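Values below: every heavy atom of this structure, side chains too, minus hydrogens, waters and symmetry copies. Bear in mind that the values here come from a model prediction, so they are computed numbers and not experimental data.
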Amino acid sequence: MNTNKNKWLIPIAFTNIYVIWGITFLAISFGLNGFPPFILSGFRFLGAGIIMIGYLLVKGEKANSAINWKKNAITGILILTGGTGLVAWGEQYVTASEAAIAIATGPFWFIAIDKKNWSYYFSDKFIPLGLVIGFAGLILFLNGSVSGSGSHIQTADASIRIIAFVVLGLSSVAWVLGSLYSKKNPAGHSTFMNIAQQLITAGIASFIIAFFRNEWTGFSIVKVPLNAWLGLFFLIVFGSIIAYLSYIWLLSVKPAALVSTHTYINPIVTVIAGWIVANQTININQFYGLIVILAGVLLTNVTKYFKLSKRSKVKIRRVIRHVNKNARPYQPI
C-alpha cells in the first residue's frame, strides 16, 4: 500500500487502536453476561479467523504450509489465548477499567523478559527509572483496587480479586512471550494470513480450555442475552479484525515507538467508556496509580520518542535545504 496516496488512513488507523482497543475491555464485560470466558474467547477468535481466511482464500492465497501453521499456532496461543483469553477470565472479578489499567503495564514485562536486549535497555537511564516508577504505580493501583470501594463487582472478595490481577499480569507476560517468539520465528505467509491462522488456532485452543474447565456444562447458546451477543460482535469485527489489522498496518508504515502510544490511551478510553456506558468508576488511589503507571511507561520510551523527534527534525532540515536550493528568485509580475 502506497502510504503517500493513503495518508488519510493513518489517523483512522490510530483512532481504531486508540478507541476500539479501549472499548474492547468493556465489550468483554458485556460478553461475559452470557458467555463463560474461554467460550467467549473461542467464538471471538475463531469467528474473526474464519472471516479473514475465507476472504484470503477467495483472493487466491494459500494456507497449506504445516510449518507456518505451527509457528502461527504458537504465536496465536500465547498472544491471543493466553494474552487476551486470560483478560476475559480476569474480568469476571474486576471491572473493565481495572483490567485495562493492569494491562497498561505490558511494556514493563516486555523489557523484563527480553533478556537479549538488557544491555541496551539498562544503558538508558530513563528505562530503569521508568520501571521503578511504573511498578510503584502498579502497587498503588492494586492497593486501591483491593482496599477501595471503586469496584462495582461486589461479589468478588479481596483474595479472588488479587488472583485476578495476578492473572492479568500473566496475560501481559503471555502476550510478550508470543510477540518475542513471532519476532524470532516469523511465518512465511502474508501478514494477513498469519493473523488469520493465529486467530483460528487461538479460537480452537480457547474452546479446548473451555472443555477442560467444564465451561460447556450448563451453557446454552439460546439463553445468551442480546447485550452479550452485541459484545461478541464488537470483539469479532472491531477488536479482532479492524483494530488488529490497523495495528499491524501502522507498524509497517510508522515507527513502533509512535504506534505504542496506544498503551497510554487505551486505559483512559476504557475508564471513560465504562463510566458512560456501565457506570463503572475508579477510586482516587486507582486514579493516582494509573497516572504513575503511565508516567513510568512514558519514561521507558522517552529516548525512542526523542530519537524519533530528532530524525523528524533532520528530515525537515533536508526539505528546507532542498527548497532553498531549488527556489527561484522572486520576480514581480
Side-chain angles (χ1 to χ4, degrees), residues 16-17 19-52 76 79-103 150-156 160-161 163-165 167-168 171 198-244 266-267 269-282:
N16 288 341
I17 66 172
V19 178
I20 292 176
W21 271 352
I23 298 176
T24 291
F25 290 92
L26 193 62
I28 290 174
S29 67
F30 277 91
L32 290 172
N33 288 330
F35 297 95
F38 284 99
I39 291 180
L40 174 66
S41 298
F43 279 123
R44 171 188 179 179
F45 300 139
L46 191 59
I50 290 174
I51 292 172
M52 286 188 62
I79 291 180
L80 298 173
T81 308
T84 307
L86 290 178
V87 172
W89 184 90
E91 283 199 39
Q92 296 176 107
Y93 310 106
V94 303
T95 66
S97 300
E98 291 170 331
I101 295 171
I103 295 300
S151 173
H152 285 268
I153 302 181
Q154 302 296 337
T155 57
I160 193 64
R161 282 172 57 78
I163 293 173
F165 283 117
V167 169
L168 289 170
S171 74
Q198 290 166 18
L199 286 164
I200 289 173
T201 52
I204 294 172
S206 296
F207 281 145
I208 293 173
I209 294 173
F211 172 78
F212 284 104
R213 294 189 70 247
N214 294 319
E215 288 186 1
W216 294 101
T217 303
F219 171 72
S220 175
I221 201 167
V222 298
K223 295 181 180 179
V224 176
L226 177 61
N227 64 342
W229 282 113
L230 292 175
L232 176 59
F233 175 80
F234 184 94
L235 292 171
I236 292 174
V237 176
F238 294 94
S240 296
I241 296 180
I242 296 177
Y244 199 23
N266 290 159
V269 171
T270 305
V271 170
I272 294 173
W275 173 62
I276 294 174
V277 178
N279 198 31
Q280 295 180 359
T281 60
I282 59 174

Any side-chain heavy-atom pair from [X] and [Y] closer than 4.5 angstrom?
X	Y	answer
Ile101	Val271	yes
Leu235	Leu40	yes
Ile236	Ile51	yes
Gln198	Tyr244	yes
Arg44	Leu80	no
Leu32	Pro37	yes
Thr217	Phe211	no

At what distance, to the nearest 0.5 angstrom, does [atom1] of [X] lie from [atom2] of [Y]?
X	Y	atom1	atom2	answer
Ile79	Leu199	CD1	CG	10.5 Å
Leu46	Ser41	CG	OG	12.0 Å
Glu215	Ser206	CD	OG	9.5 Å
Arg213	Ile39	CZ	CD1	9.5 Å

Inset, instruction - Please determine which of Phe38, Phe35, Phe207 meets the ring pair (Phe, Tyr, Trp, His ring centres under 6.0 Å) test together with Trp216. - result: Phe207
Heavy-atom pair of closest approach, residues [X] and [Y]:
X	Y	value
Gly231	Phe30	CA-CB, 4.3 Å
Gly34	Pro225	CA-CD, 3.8 Å
Ala48	Ile241	CB-CG1, 3.8 Å

Backbone of [Y] reached by a side-chain donor or acceptor of [X] within 3.5 Å:
X	Y	answer
Gln92	Trp89	yes
Thr270	Ser97	no
Ser171	Thr84	no

Inset, instruction - With Tyr93 as reference, evaluate Leu168, Ile160, Ile163 under the side chain to side chain contact (heavy atoms under 4.5 Å, CB included) test and give the passing residue. - result: Ile160
Inset, instruction - Assign the ring pair Phe219 / Phe43 to parallel, tilted or perpendicular, where the plane angle (0 to 90°) is split at 30° and 60°. - result: tilted
Legend entry - Plane angle bin for Phe233 and Phe238 - parallel if under 30°, tilted between 30 and 60°, otherwise perpendicular: perpendicular
